[in-house]
Novice: 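Submitted below is the structure of interest, expressed as structure tokens.
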Amino acid sequence: MSVVTPYYICGPTASGKSSLALELAKKLDGEIVNADAFQLYQGLEIVSAAPSVEEREQVPHHLYGVLPPTESADAQRYVTLAKPIITDIIARGKTPIITGGSGLYLKFLTHGAAPLPTADAGLRAEMDTRPLDELVAQLQLLDPLEASRTALQNRRFVSRALEICLLSGQLASDLRDRWETKTTEISSQLQGLVIQRSRPDLHARIAMRTRQMLDDGALEEVAALTAISRNCEKAIGFREIRDLIIGEIDRATCEELINAATRQYAKRQETWFRREKWLIPHLPT
RNA sequence: GGCCCGAUAGCUCAGUCGGUAGAGCAGUGGAUUGAAAAUUCACGUGUCGGCGGUUCAAAUCCGUCUCGGGCCA
């Protein structure tokens, strides 16, 4: 008896991952597992372009809308949620079809987490109050090698490197090296595809989806989340729609701002997936 | 019809005393192992609306034409 391997469906936003996953799930007797950071949240279905109720009725969908919007996810937490579900699907003899565009989350799932300490909200809040120069200087002092490998203009990366050193009492560079060495052999055992579309095609699909999103109740969704949201503010479209609601911008401007932000996101996703050599390019007809 | 203002990168615009031009946005490429739909780095040659003139030298000054916008008839 052969062991079922999960199948990954990746690609930029609006490239058609969800419908391809649905098609494949029917053919392979599979179940779909979300790998999108924002489709994890409840109440953000429209803005995050999560699969519709009709789609979810056709085959089992997992990890959609499972987190309250007040909570915050991260890559490690995602893996903690996804792993048992995937194991269970396999145990039942079905094929897990992991679908989503969050490169980091997928990377954690496929290649495992480095032995690094978990993020610490208090420490981060403290570091956020300090000037970047100071954080850089401290990192250079504690772990010069890590500092030399880090993009020092990127506050997030500097903070994280420093956080690792401070919380673990070890060198971030050492801990990261330990993980790097094993990644290549893992890749050879993975199966999946990345949807590739031409830019004009993708841009047209993005524009169409934005329009539909705004027509389909995105305003109500954002209005409902505004009071309680914190992390949902980072979702593309959230701020733009909030500005539309309060009359700061008009509908056309809102649409164009969302389109531009989405296009830029799609480009970043393509850059990410280009590095994942194990993914087989899939060109929709 | 007369007068005034504008025309510079895909878009919005800046450009000093004449020395052949640069910002933002968009776009493109990259980085990215616990915030990731986040964060961050790099990339700027374009008939300076057309034609003519002045000048060693014109986006810049002069004339004229075209196209916008406005005011007066």
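Here the structure is a predicted model, which is why all the values come from computation and not from measurement.
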Novice: If I take atom OG1 from residue A:T110 and atom CD from residue A:E276, how far apart are they, to the nearest 0.5 angstrom?
Specialist: 6.0 Å

Novice: A:I241 and A:I236: same hydrophobic cluster, using ILVMFWY side-chain contacts below 4.5 Å?
Specialist: yes

Novice: Given the rule that I, L, V, M, F, W and Y join up when any side-chain heavy atoms are under 4.5 Å apart, are A:L219 and A:V47 in one cluster?
Specialist: yes

Novice: Take atom C1' in B:rU55 and the same atom in B:rC61, then report the distance between them in whole Å.
Specialist: 10 Å

Novice: Where the side chain of A:Y105 is defined as all heavy atoms beyond and including C-beta, which of B:rA37, B:rG34, B:rA36 is the nearest nucleotide?
Specialist: B:rA36

Novice: Does B:rG68 sit syn or anti, given that only angles within 90° of 0 count as syn?
Specialist: anti

Novice: By nearest nucleotide on RNA chain B, pick out whichever of A:A49 and A:Q76 is the more 5' one.
Specialist: A:Q76

Novice: Tell me the interatomic distance from A:F273, atom CZ, to B:rA36, atom P, rounded to whole angstroms.
Specialist: 14 Å

Novice: Does B:rG34 have OP1 or OP2 under 4.0 Å away from a side-chain N or O of A:R176?
Specialist: yes

Novice: Please walk me through it: do A:R199 and A:E270 pass salt bridge (charged side-chain N to carboxylate O under 4.0 Å, His left out)?
Specialist: CA-CA 11 Å; A:R199 282 291 160 83; A:E270 287 183 336; 2.5 Å; yes

Novice: State the pairing partner of B:rC71; accept Watson-Crick or G-U wobble contacts with both distances under 3.5 Å, and report none otherwise.
Specialist: B:rG2

Novice: In whole Å, I'd like the distance from the CZ atom of A:R156 to the P atom of B:rC41.
Specialist: 13 Å

Novice: Between B:rA7 and B:rA37, how far apart are the two P atoms, rounded to whole Å?
Specialist: 43 Å

Novice: Run the salt-bridge test on A:R156 and A:D128 with the 4.0 Å N-O cut-off and return the result as yes or no.
Specialist: no

Novice: Look through every strand shown and name the nucleotide pairing with B:rA7 as Watson-Crick or G-U wobble, where both distances are under 3.5 Å.
Specialist: B:rU66

Novice: Could you identify which residues of residues 192-223 of chain A place a heavy atom less than 4.0 Å from some atom of RNA chain B, listed by residue number, or say none?
Specialist: A:R199, A:H203

Novice: Kindly determine whether A:D88 and A:R92 satisfy salt bridge (charged side-chain N to carboxylate O under 4.0 Å, His left out), including the steps that lead there.
Specialist: CA-CA 6 Å; A:D88 180 59; A:R92 288 187 282 106; 3.1 Å; yes

Novice: Which one, B:rA31, B:rG34, B:rA36, comes nearest to the side chain of A:I164?
Specialist: B:rG34

Novice: Is A:S102 touching bases, backbone alone, or none of the nucleic acid, heavy atoms closer than 4.0 Å?
Specialist: sugar-phosphate

Novice: Out of B:rA37, B:rG34, B:rU40, which nucleotide sits closest to the side chain of A:Q153?
Specialist: B:rU40

Novice: Can you measure from CG (A:L116) to CZ (A:R176) and round to the nearest 0.5 angstrom?
Specialist: 6.0 Å

Novice: Distance between the P atoms of B:rG46 and B:rG6, in whole angstroms?
Specialist: 27 Å

Novice: Determine the interatomic distance between P on B:rA35 and the same-named atom on B:rU39; round to the nearest Å.
Specialist: 13 Å

Novice: Here's a test of your reading of the structure: between A:D128 and A:E256, which maps to the more 5' nucleotide of RNA chain B?
Specialist: A:E256

Novice: Taking a pair as Watson-Crick or G-U wobble with both distances under 3.5 Å, which nucleotide is matched to B:rU55?
Specialist: none

Novice: Please report the interatomic distance CG(A:D201) to CD1(A:I206), rounded to the nearest 0.5 Å.
Specialist: 10.0 Å

Novice: When the distance from OH of A:Y41 to C1' of B:rA38 is rounded to whole Å, what number comes out?
Specialist: 11 Å

Novice: Rounded to the nearest 0.5 Å, what separates atom CZ in A:F108 from atom CZ in A:R77?
Specialist: 14.5 Å

Novice: Sticking with atom P, work out how far B:rU8 lies from B:rU47, rounded to a whole angstrom.
Specialist: 10 Å

Novice: Does A:R149 CZ have over 12 foreign heavy atoms under 6.0 Å away?
Specialist: yes

Novice: What is the distance, rounded to the nearest whole Å, between atom NE2 of A:H111 and atom P of B:rG34?
Specialist: 16 Å

Novice: Set out, in order, the CA-CA distance, both residues' side-chain angles and the distance that settles salt bridge (charged side-chain N to carboxylate O under 4.0 Å, His left out) for A:R239 and A:E248, then state yes or no.
Specialist: CA-CA 11 Å; A:R239 287 181 182 176; A:E248 197 79 18; over 6 Å; no

Novice: Please give the distance between the C1' atoms of B:rA59 and B:rG19 as a whole number of Å.
Specialist: 12 Å

Novice: Between A:L104 (CG) and B:rA31 (P), how many Å, whole number?
Specialist: 15 Å

Novice: Indicate, with a heavy-atom threshold strictly under 4.0 Å, whether A:A114 touches base, sugar-phosphate, or nothing.
Specialist: base

Novice: What is the distance, rounded to the nearest whole Å, between atom CD of A:Q269 and atom C1' of B:rA38?
Specialist: 12 Å

Novice: Name the pairing partner of B:rA26, where a pair is Watson-Crick or G-U wobble with both distances under 3.5 Å, or state none.
Specialist: none

Novice: Side chains of A:N231 and A:S72: any donor to acceptor distance under 3.5 Å?
Specialist: no

Novice: Scan every strand shown for a Watson-Crick or G-U wobble partner of B:rU16, both distances under 3.5 Å, and answer none if you come up empty.
Specialist: none

Novice: Can you tell me, in whole Å, how much space there is between the P of B:rC11 and that of B:rG49?
Specialist: 13 Å

Novice: What is the distance, rounded to the nearest whole Å, between atom CG of A:L40 and atom C1' of B:rA35?
Specialist: 14 Å

Novice: Near RNA chain B, counting only heavy atoms under 4.0 Å, which residues of residues 257-268 of chain A show up?
Specialist: A:R263, A:Q264, A:Y265, A:K267, A:R268

Novice: Sticking with atom P, work out how far B:rG44 lies from B:rA36, rounded to a whole angstrom.
Specialist: 33 Å

Novice: Could you state the atom-to-atom distance from CG of A:L152 to P of B:rU39 in whole Å?
Specialist: 19 Å

Novice: Please state whether the rings of A:W278 and A:Y8 are parallel, tilted or perpendicular, taking 30° and 60° as the class boundaries.
Specialist: perpendicular

Novice: Contacts to RNA chain B from residues 233-248 of chain A, heavy-atom cutoff under 4.0 Å, which residues?
Specialist: A:K234, A:A235, A:I236

Novice: Looking for any heavy atom pair under 4.0 Å, which part of the strands does A:N231 touch: base, sugar-phosphate only, or nothing?
Specialist: nothing

Novice: Just verifying a value: how many Å separate A:T13 OG1 and A:Y265 OH, rounded to the nearest 0.5 Å?
Specialist: 6.0 Å

Novice: Using a heavy-atom cut-off of under 4.0 Å over every strand shown, decide if A:V47 touches base, sugar-phosphate, or nothing.
Specialist: base

